[in-house]
Amino acid sequence: MGATAALALLLLVGAAAYGSPAPALINESRSLPRGLYLRTWTKPHRGAVVALKPPPWAQDFLRGQGAPENLRLLKRIAAVPGDHVCIGPRGLIAPQRIVHAQSKPGGGPRLPPHLARCGPLGPDEVVVLGETAGSFDSRYFGAVNTDDLEGVFKALWTW
């Protein structure tokens with residue numbers, strides 16, 4: 001990609017940052033490879049990378065960590081409607097995945113008790129996970145309503 005094309009793309013990303021859904025996002029977290037992700041027009045499915053706005057209580061936690069107001073999380077769908085999952089304070093079990101919640105001295109994110117559950121996901125729910133042990137994902141905010149997903153994204157350029 002030439003310098004002019006890269007600059008035009010970055011300007012597009014910046015212009016779209018205040019609109020939703022964005023055509024492109026820059027991932028700066030370690031949950032997925034850092035880089036530039038472009039929105040695709042495919043439907044959400046197991047294994048897809050999706051963007052979502054954190055739930056309100058999680059936004060408060062993330063702001064306390066210095067995250068911007070308009071933050072979007074990029075996560076991979078680990079479980080889809082009908083999949084049996086268990087989400088609790090110690091971690092999450094989804095098809096082909098068992099991930100533990102991180103225990104952090106002095107606090108850190110915790111799954112609110114009313115979100116703990118075992119059973120099939122509803123027709124409008126998915127479970128999202130990052131690819132690192134410290135990812136802030138469904139282990140801490142539960143299943144996500146599919147209406148809260150802001151598109152499927154694909155990595156264009158990672159670093």
Side-chain angles (χ1 to χ4, degrees), residues 12-13 15-65 67-102 104 108-156 158:
L12 173 64
V13 171
Y18 294 100
S20 175
L25 293 169
I26 294 176
N27 179 45
E28 297 180 73
S29 80
R30 291 185 300 264
S31 293
L32 292 171
R34 294 177 191 204
L36 177 62
Y37 288 74
L38 292 182
R39 185 167 188 220
T40 69
W41 299 107
T42 59
K43 293 184 178 190
H45 57 277
R46 184 187 330 275
V49 173
V50 293
L52 62 134
K53 188 174 184 178
W57 74 266
Q59 290 175 30
D60 293 339
F61 169 77
L62 291 167
R63 269 194 300 277
Q65 303 295 307
E69 193 79 25
N70 62 349
L71 176 72
R72 296 299 181 266
L73 302 175
L74 281 175
K75 304 294 174 188
R76 193 172 299 281
I77 295 178
V80 296
D83 284 347
H84 192 280
V85 299
C86 286
I87 305 170
R90 298 179 74 197
L92 181 146
I93 300 172
Q96 304 174 5
R97 297 291 301 267
I98 297 175
V99 289
H100 298 283
Q102 297 292 304
K104 295 182 181 174
R110 301 237 186 257
L111 179 75
H114 70 279
L115 295 178
R117 65 189 265 194
C118 269
L121 291 173
D124 58 352
E125 294 180 304
V126 295
V127 164
V128 296
L129 292 172
E131 295 179 352
T132 60
S135 178
F136 186 63
D137 52 35
S138 285
R139 291 175 286 175
Y140 305 104
F141 50 75
V144 175
N145 189 296
T146 54
D147 288 341
D148 294 331
L149 301 179
E150 296 184 357
V152 174
F153 286 75
K154 183 174 175 135
L156 173 68
T158 59

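The first residue of the sequence shown is numbered 1, and numbering continues consecutively from there. Note that the structure is a prediction, hence the values are computed from the model and not measured.
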Give a yes or no on this: more than 12 heavy atoms of other residues, nucleotides or ligands lie within 6.0 Å of atom CD of Gln96. no
Just verifying a value: how many Å separate [X] [atom1] and [Y] [atom2], rounded to the nearest 0.5 Å?
X      : Y      : atom1 : atom2 : answer
Phe153 : Arg72  : CZ    : CZ    : 9.5 Å
Leu36  : Leu38  : CG    : CG    : 5.0 Å
Phe141 : Leu62  : CZ    : CG    : 8.5 Å
Glu28  : Leu71  : CD    : CG    : 9.5 Å
Arg39  : Leu156 : CZ    : CG    : 16.0 Å
Arg97  : Leu92  : CZ    : CG    : 9.0 Å

For the pair Arg117 (side chain) and Pro120 (backbone), establish whether a donor and an acceptor sit closer than 3.5 Å, ignoring hydrogens and angles. yes
For Ile98, does its backbone N or O pair with a side-chain atom of His100 as donor and acceptor, under 3.5 Å? no
Decide yes or no on side-chain contact (heavy atoms from CB on, under 4.5 Å) for Leu129 and Ser135, but give the supporting numbers first. CA-CA 7 Å; Leu129 292 172; Ser135 178; over 6 Å; no
Residues Val144, Leu149; criterion side-chain contact (heavy atoms from CB on, under 4.5 Å); working and verdict: CA-CA 8 Å; Val144 175; Leu149 301 179; 3.9 Å; yes
Closest non-hydrogen atom pair, [X] against [Y]:
X      : Y      : answer
Gly142 : Leu115 : N-CD1, 4.4 Å
Thr40  : Lys154 : CG2-CB, 3.8 Å
Gly130 : Asp137 : N-OD2, 3.0 Å

In Leu73, Val49, Thr158, the residue satisfying side-chain contact (heavy atoms from CB on, under 4.5 Å) with Leu32 is Val49
Could you tell me if the ring centre of Phe61 sits under 6.0 Å from that of Phe136? yes
Can you list everything that forms a side-chain contact (heavy atoms from CB on, under 4.5 Å) with Arg90? Sequence neighbours excluded, please. none
Is there a side-chain contact between Ser31 and Leu74 in this structure, where contact means two heavy atoms from C-beta onward sitting under 4.5 Å apart? no
Scan for side-chain hydrogen bond (donor to acceptor under 3.5 Å, both in side chains) pairs involving residues 47-62, sequence neighbours excluded, and state none if there are none. Asp60-Arg63
Anything under 3.5 Å between a donor and an acceptor, one on a side chain of residues 78-89, the other on a protein residue two or more places apart or in another chain? List them.
residue	atom	partner	partner atom	Å
Asp83	OD1	Arg46	NH2	3.4
Asp83	OD2	Arg46	NH1	2.4
Asp83	OD2	Arg46	NH2	3.1
Asp83	OD2	Val80	N	2.9

